[in-house]
2 protein chains.
Amino acid sequence: MDDIDRKIISFLSADARRSLADIGGNVNLSPSSVNERIRRLTAQGTIRRFTVELDPAAMGLETLVYVWIALHEDADESAFRRYAAAQAAILECHHVTGRWSYLVKIRVGSPPEIEGFLADLKAQKFLGRSETVIALSSPVAGALVQKDNS
Amino acid sequence: MDDIDRKIISFLSADARRSLADIGGNVNLSPSSVNERIRRLTAQGTIRRFTVELDPAAMGLETLVYVWIALHEDADESAFRRYAAAQAAILECHHVTGRWSYLVKIRVGSPPEIEGFLADLKAQKFLGRSETVIALSSPVAGALVQKDNS
DNA sequence: AATTTTGCGGTCTATATCATCCATGGCCGT
DNA sequence: ACGGCCATGGATGATATAGACCGCAAAATT
């Protein structure tokens, strides 16, 4: 990973459809060389996948919510992780330091839907205690990308 | 936005380099039609950009941290937002309900670097109180995508 | 009510661009 | 001087993209 690789990654991040010739012009490399570098970066996993960033509103996911979770004392922890991975609404789930055991990031269409999400968590017997934090606005929103199902 | 559009978005999410013919075969549409739909989705902003998902380790960003922030009482709130947008380490910044005013998501190379991040926040006079939460592991990690600078 | 009009979304074809492969050749470090 | 690594350039087959045309359905007109 040298400076040129980083530049290429930066160009692809901004627009993954730019032509090899175009990128090559910006880093003083032939299209073939750029292609070879992208192939390497992809093969070694530095680039995980080519994808698209989506508009949350257009996807019907305008409401961003963080939920702190303390698991129910006799909850199956690995079952919880599988559940989290399978739920489309759960964008992130982290095991964290501090008072709570998990921090979960979810996106739903509107605030009322949060209730259903929590109800499901409780129905699955995962929930001990929880605390819900709603994002009112996002100075830095973070990119919305569909979960990787591979 | 009909079902076909959603399918196309799903295919592109998994691999944005799949050919129009390939996608068309899966949704029973000609390559031209698929192209036209993608053009529409992009033009109306449903698809924000074509980009790449990166490996945090390869990028030297293995440590994921959430920081709860209560702004210093005479901090300039819009200056803080500009600061957050400019900082490369800050992936997300949300104005939230609850005890804290902001939730900030950052990525750094290693835990010691968190200190420098907080020190900078304090030096800028933004920081009132804060609480730092480190992700130990991530059952659902969320995609790492470079910030959009357009 | 029947007919025309309009507009959207599709297919097909042609063309220019593009990614990809391979053989060649330079450069650097040992 | 030699070997490995990386870039180059040209050939080729695939691909995106534009444009002309078609069909259908809803709206408007008579």
Side-chain angles (χ1 to χ4, degrees), chain A residues 1-61 109 143-150, chain B residues 1-61 109 143-150:
Chain A
M1 262 274 285
D2 58 8
D3 259 358
I4 295 181
D5 282 338
R6 270 180 284 273
K7 273 191 191 173
I8 291 175
I9 286 173
S10 176
F11 282 123
L12 290 178
S13 294
D15 179 6
R17 288 198 299 186
R18 287 182 72 164
S19 74
L20 300 177
D22 195 354
I23 296 171
N26 281 274
V27 298
N28 295 322
L29 241 51
S30 71
S32 303
S33 300
V34 175
N35 192 33
E36 173 60 16
R37 280 172 178 263
I38 293 175
R39 200 201 52 73
R40 263 211 344 268
L41 289 167
T42 307
Q44 71 195 17
T46 302
I47 295 176
R48 291 222 169 126
R49 59 169 167 161
F50 286 71
T51 188
V52 288
E53 177 185 341
L54 304 168
D55 175 21
M59 292 286 115
L61 297 170
L144 173 61
V145 166
Q146 272 192 15
K147 283 166 89 172
D148 192 354
N149 300 314
S150 73
Chain B
M1 264 274 285
D2 58 9
D3 259 359
I4 293 182
D5 282 337
R6 270 181 285 272
K7 273 190 190 173
I8 290 174
I9 286 174
S10 176
F11 282 123
L12 290 177
S13 293
D15 178 6
R17 288 198 298 187
R18 286 183 71 165
S19 74
L20 300 176
D22 196 352
I23 296 171
N26 281 274
V27 298
N28 295 322
L29 242 50
S30 70
S32 301
S33 298
V34 176
N35 192 34
E36 173 61 16
R37 280 171 179 263
I38 292 175
R39 199 201 54 73
R40 264 210 344 267
L41 290 167
T42 307
Q44 70 194 19
T46 303
I47 295 176
R48 291 222 171 126
R49 59 170 167 159
F50 286 71
T51 189
V52 288
E53 176 185 343
L54 303 168
D55 175 22
M59 292 285 119
L61 298 170
L144 173 61
V145 165
Q146 273 192 17
K147 282 166 89 172
D148 192 353
N149 300 313
S150 71

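Remember, it's a predicted structure, so these values are computed and weren't measured experimentally. Just so we're on the same page: letters track the sequence lines, and every chain starts at 1.
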Contact class for B/Ser19 (heavy atom, under 4.0 Å): base, sugar-phosphate, or nothing? sugar-phosphate
Taking for each residue the nucleotide of DNA chain D bearing the nearest heavy atom, is the 5' side occupied by A/Ile4 or by B/Leu20? A/Ile4
With a 3.5 Å cut-off and heavy atoms only, can you find an N or O donor on one side and an acceptor on the other between the side chain of A/Ser32 and the base of D/dG9? yes
Would you sort out whether B/Phe11 and B/Asp22 count as a side chain to side chain contact (heavy atoms under 4.5 Å, CB included), showing the intermediate values? CA-CA 10 Å; B/Phe11 282 123; B/Asp22 196 352; over 6 Å; no
Between B/Asp5 (CG) and C/dG9 (C1'), how many Å, whole number? 12 Å
Is the backbone of B/Arg6 close enough, under 3.5 Å, to the side chain of B/Ser10 for a donor and an acceptor to pair up by distance? no
Rounded to whole Å, the CD1-C1' distance (B/Ile23 to D/dT15) equals 12 Å
If I take atom CD in residue A/Glu36 and atom C1' in nucleotide C/dC21, what distance separates them, rounded to the nearest angstrom? 11 Å
Find out whether A/Ile4 and A/Arg37 are in side-chain contact, i.e. whether some heavy atom of one side chain is under 4.5 Å from a heavy atom of the other. yes
Listed nucleotide nearest any side-chain atom of A/Arg37, set D/dT8, C/dT11, D/dC6: D/dC6
Between A/Asn35 and C/dA19, does any side-chain N or O lie under 4.0 Å from OP1 or OP2? no
Could you go step by step and tell me if B/Ile38 and B/Leu20 meet the side chain to side chain contact (heavy atoms under 4.5 Å, CB included) rule? CA-CA 10 Å; B/Ile38 292 175; B/Leu20 300 176; 3.8 Å; yes
Length of the CZ-P vector between B/Arg18 and D/dT15, whole Å: 12 Å
A/Thr51 and A/Gln146: CA distance, side-chain angles, deciding distance, side chain to side chain contact (heavy atoms under 4.5 Å, CB included) verdict: CA-CA 8 Å; A/Thr51 188; A/Gln146 272 192 15; 6.0 Å; no
Which one, C/dG9, D/dA7, C/dC12, comes nearest to the side chain of B/Arg40? C/dG9
Just the rounded figure in Å: distance from C1' of C/dC18 to CZ of A/Arg17. 14 Å
Calculate the interatomic distance between B/Leu29 atom CG and C/dC8 atom C1'; express it in whole Å. 14 Å
So, OP1 or OP2 of D/dT8: does either fall under 4.0 Å of a side-chain N or O from A/Ser33? yes
Rounded to the nearest angstrom, tell me the gap between atom CD1 in B/Ile38 and atom C1' in D/dT15. 13 Å
Using atom CG of A/Asp22 as one end and atom P of C/dT17 as the other, report the distance to the nearest whole Å. 14 Å
